[in-house]
Amino acid sequence: MDYTLNCNGRLLSLAEPQVMGILNATPDSFYAGSRQQTEHDIAERTRQIVDEGGNIVDVGACSTRPGSEAVSEAEEMARLRTALAIVRREAPEAVVSVDTFRPDVARMAVEEFGADVINDVGGSVDAPPSAHNTQMFRMVSRLRVPYIYMSWQSNMRDILLDCAEVTDTLRSMGQKDIILDPGFGFGKTLEDNYAVMNGLERMQMTGLPVLVGVSRKSMINRLLGIQPEQALNGTTVLNTLALLKGAAILRVHDVREAVESVRIVAATINNKRET
C-alpha cells in the first residue's frame with residue numbers, strides 16, 4: 001500500500017508490509033512466550049524484535065485477551081513507564097506503539113516517552129465504538145500520532161460500516177493517520193474469524209492501511225485442537241493469507257517468521273508483475 005505514517009516526524013512507509021513485534025509487560029498474556037516483566041526480559045525482547053527485522057515494537061501493560069480482568073490505570077501506567085524507558089534505551093530507532101484502551105495512558109506514553117502510535121482495542125459490540133471511544137478519539141487527535149482502531153463487529157459488512165463511521169468521526173476531529181484492524185478474536189465466533197479472513201481484501205476499499213493480528217490466537221488453536229505454544233505454523237499460514245489480501249502491518253509474537261513471510265510474498269507478487 002502506498003501509505004506513509006508520520007511517527008513523531010519520522011516517516012514510516014507501508015509500501016512494503018511492516019512487522020510489529022508484541023512485547024507484553026504483563027504476567028497474564030494468553031501466550032506465555034510473550035510475557036516480559038523483568039528489566040532483563042524486556043530489554044532482551046526489544047532487541048529480539050529489532051534484530052529479527054521488526055520495525056515496530058508494540059508495548060502492552062494490560063492484558064486485552066477476551067475474558068481478562070483489566071488492571072487499574074495506575075498499575076498499567078507504572079508497568080508502561082518501566083517498559084517504555086527500557087524499549088527507548090535498547091532500540092531508539094524503533095517505532096514504538098502502545099497497546100491501551102485508556103486515553104490518559106495514551107497521553108502519558110506519548111508525552112513522557114514519545115510513543116509513536118496508539119493501538120486501541122477499546123471498542124465493543126455492546127457500546128458503539130463512536131460512543132465508546134470518543135474520549136480516546138479526542139485524545140489521539142490532540143496528540144497527533146497514528147491511531148490503530150480495532151473493530152469488534154462480527155462480519156465484514158459490519159466491520160466496514162463500523163470503520164467508515166469511526167473514520168469519519170476521527171477525520172472531523174483532525175486525525176490524520178488511521179490504521180484499521182478487523183479484530184480477529186474479538187466479538188467473533190470461530191467461524192466469523194475465518195469468514196472475515198476470507199473477505200479481508202474488501203478492507204482495501206477504505207483506502208487505509210490494515211493491521212492483522214492473528215498470532216497464536218484461539219481461532220488457530222480451537223480449529224486445530226492445539227495450544228498457543230504449538231500455533232506458529234497456523235499463524236504463518238494466516239499471516240501469508242493476510243498479506244496476499246492486502247495487510248499492511250502484521251502484529252506478531254514471532255517476528256523472524258513474519259518477516260520471512262513478507263519477503264516471500266513480496267518476491268512472489270513482484271515476479272507475477274514482471275511476467
Side-chain angles (χ1 to χ4, degrees), residues 1-25 36 42-61 77 80-100 102-121 136-150 167 170-171 173-181 206-213 243 246-253 255-256 258-259 261-263 266:
M1 164 169 273
D2 186 13
Y3 197 101
T4 302
L5 300 176
N6 185 342
C7 300
N8 283 319
R10 293 183 296 165
L11 300 181
L12 178 65
S13 172
L14 300 181
E16 177 179 290
Q18 299 295 308
V19 174
M20 171 189 282
I22 299 168
L23 193 165
N24 285 319
Q36 286 82 30
I42 293 169
E44 187 174 69
R45 174 59 176 163
T46 301
R47 290 192 295 268
Q48 179 187 30
I49 290 171
V50 174
D51 290 347
E52 292 185 358
N55 288 328
I56 309 171
V57 179
D58 189 50
V59 185
M77 283 189 179
L80 274 176
R81 284 189 170 104
T82 298
L84 289 171
I86 297 167
V87 172
R88 282 303 192 198
R89 182 192 72 206
E90 297 295 326
E93 75 282 13
V95 171
V96 175
S97 168
V98 170
D99 181 346
T100 186
R102 290 169 167 146
D104 285 337
V105 173
R107 177 191 52 75
M108 180 277 294
V110 173
E111 293 182 351
E112 294 185 21
F113 296 93
D116 301 292
V117 179
I118 297 301
N119 181 15
D120 179 17
V121 299
M136 180 65 90
F137 294 168
R138 289 175 178 155
M139 181 62 73
V140 293
S141 299
R142 181 172 70 82
L143 294 170
R144 299 188 179 280
V145 293
Y147 173 65
I148 301 169
Y149 172 76
M150 192 189 78
T167 299
L170 286 165
R171 293 290 193 222
M173 295 178 176
Q175 178 65 18
K176 302 297 184 184
D177 288 329
I178 304 167
I179 302 105
L180 302 176
D181 178 352
T206 66
L208 295 173
V210 173
L211 178 148
V212 168
L243 291 167
I249 301 172
L250 298 178
R251 181 179 183 272
V252 301
H253 300 95
V255 173
R256 178 176 61 82
V259 169
S261 295
V262 169
R263 293 182 62 187

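Scope of the values below: all heavy atoms of this structure, side chains included, with no hydrogens, waters or symmetry mates. FYI, the numbering just counts along the sequence from 1.
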Note, M77 side chain near R102 side chain (heavy atom, < 4.5 Å): no
Derivation of the salt bridge (Lys or Arg N to Asp or Glu O under 4.0 Å) call for D58 and R45: CA-CA 11 Å; D58 189 50; R45 174 59 176 163; over 6 Å; no
Shortest non-hydrogen contact from A115 toward V98: CB-CG2, 3.8 Å
Heavy-atom closest contact (A91 atom, T46 atom, distance): CB-CG2, 3.6 Å
L12 side chain reached by D116 side chain, heavy atoms, under 4.5 Å: no
Minimum side-chain heavy-atom gap D99-M20 below 4.5 Å: no
Intermediate values then yes/no, side-chain contact (heavy atoms from CB on, under 4.5 Å), V252 and I22: CA-CA 6 Å; V252 301; I22 299 168; 5.5 Å; no
Residues that T100 engages under side-chain hydrogen bond (donor to acceptor under 3.5 Å, both in side chains), provided they are two or more places apart: E76
Donor-acceptor contact present, side-chain Q175 to main-chain D177, <3.5 Å: yes
Pairwise distance CD1(I148) to CG(L211) - rounded to 0.5 angstrom: 5.0 Å
Validation row: V96, F113 side chains within 4.5 angstrom (heavy atoms): no
I179 side chain near D181 side chain, heavy-atom distance below 4.5 Å: no
Working for side-chain contact (heavy atoms from CB on, under 4.5 Å), residues M136 and I118: CA-CA 10 Å; M136 180 65 90; I118 297 301; 4.2 Å; yes
R10 side chain vs A94 backbone, donor-acceptor pair below 3.5 Å: yes
CZ (R144) with more than 12 external heavy atoms under 6.0 Å: no
Nearest atoms (heavy-atom pairs only) where A83 meets A25: CB-CB, 4.0 Å
Within 6.0 angstrom of R107 CZ, more than 12 heavy atoms from elsewhere: yes
Nearest-0.5 Å distance, CG of residue D2 to OG of residue S13: 7.0 Å
R256 side, atom CZ; I49 side, atom CD1 - distance, nearest 0.5 Å: 14.5 Å
Heavy-atom pair of closest approach, residues P17 and L243: CB-CD2, 3.6 Å
Qualifying residue for salt bridge (Lys or Arg N to Asp or Glu O under 4.0 Å) with R47, from E93, E90, E52: E90
Step-by-step side-chain contact (heavy atoms from CB on, under 4.5 Å) determination, V255 to Q48: CA-CA 8 Å; V255 173; Q48 179 187 30; over 6 Å; no
Candidate pair I178 and R171, rule side-chain contact (heavy atoms from CB on, under 4.5 Å), full reasoning: CA-CA 9 Å; I178 304 167; R171 293 290 193 222; 3.7 Å; yes
Minimum heavy-atom distance K176-Y3, with the two atoms named: O-OH, 3.9 Å
CG on L14 to CG on L5, rounded to 0.5 Å: 4.5 Å
Salt bridge (Lys or Arg N to Asp or Glu O under 4.0 Å) between E111 and R142, intermediate numbers included: CA-CA 11 Å; E111 293 182 351; R142 181 172 70 82; 3.7 Å; yes
Atom of A109, atom of L84 and distance for their closest heavy-atom approach: CB-CD1, 3.9 Å
Given N119, V212, I56, V19, the one that forms side-chain contact (heavy atoms from CB on, under 4.5 Å) with R251: N119
L180 and T167, any side-chain heavy atoms less than 4.5 Å apart: yes
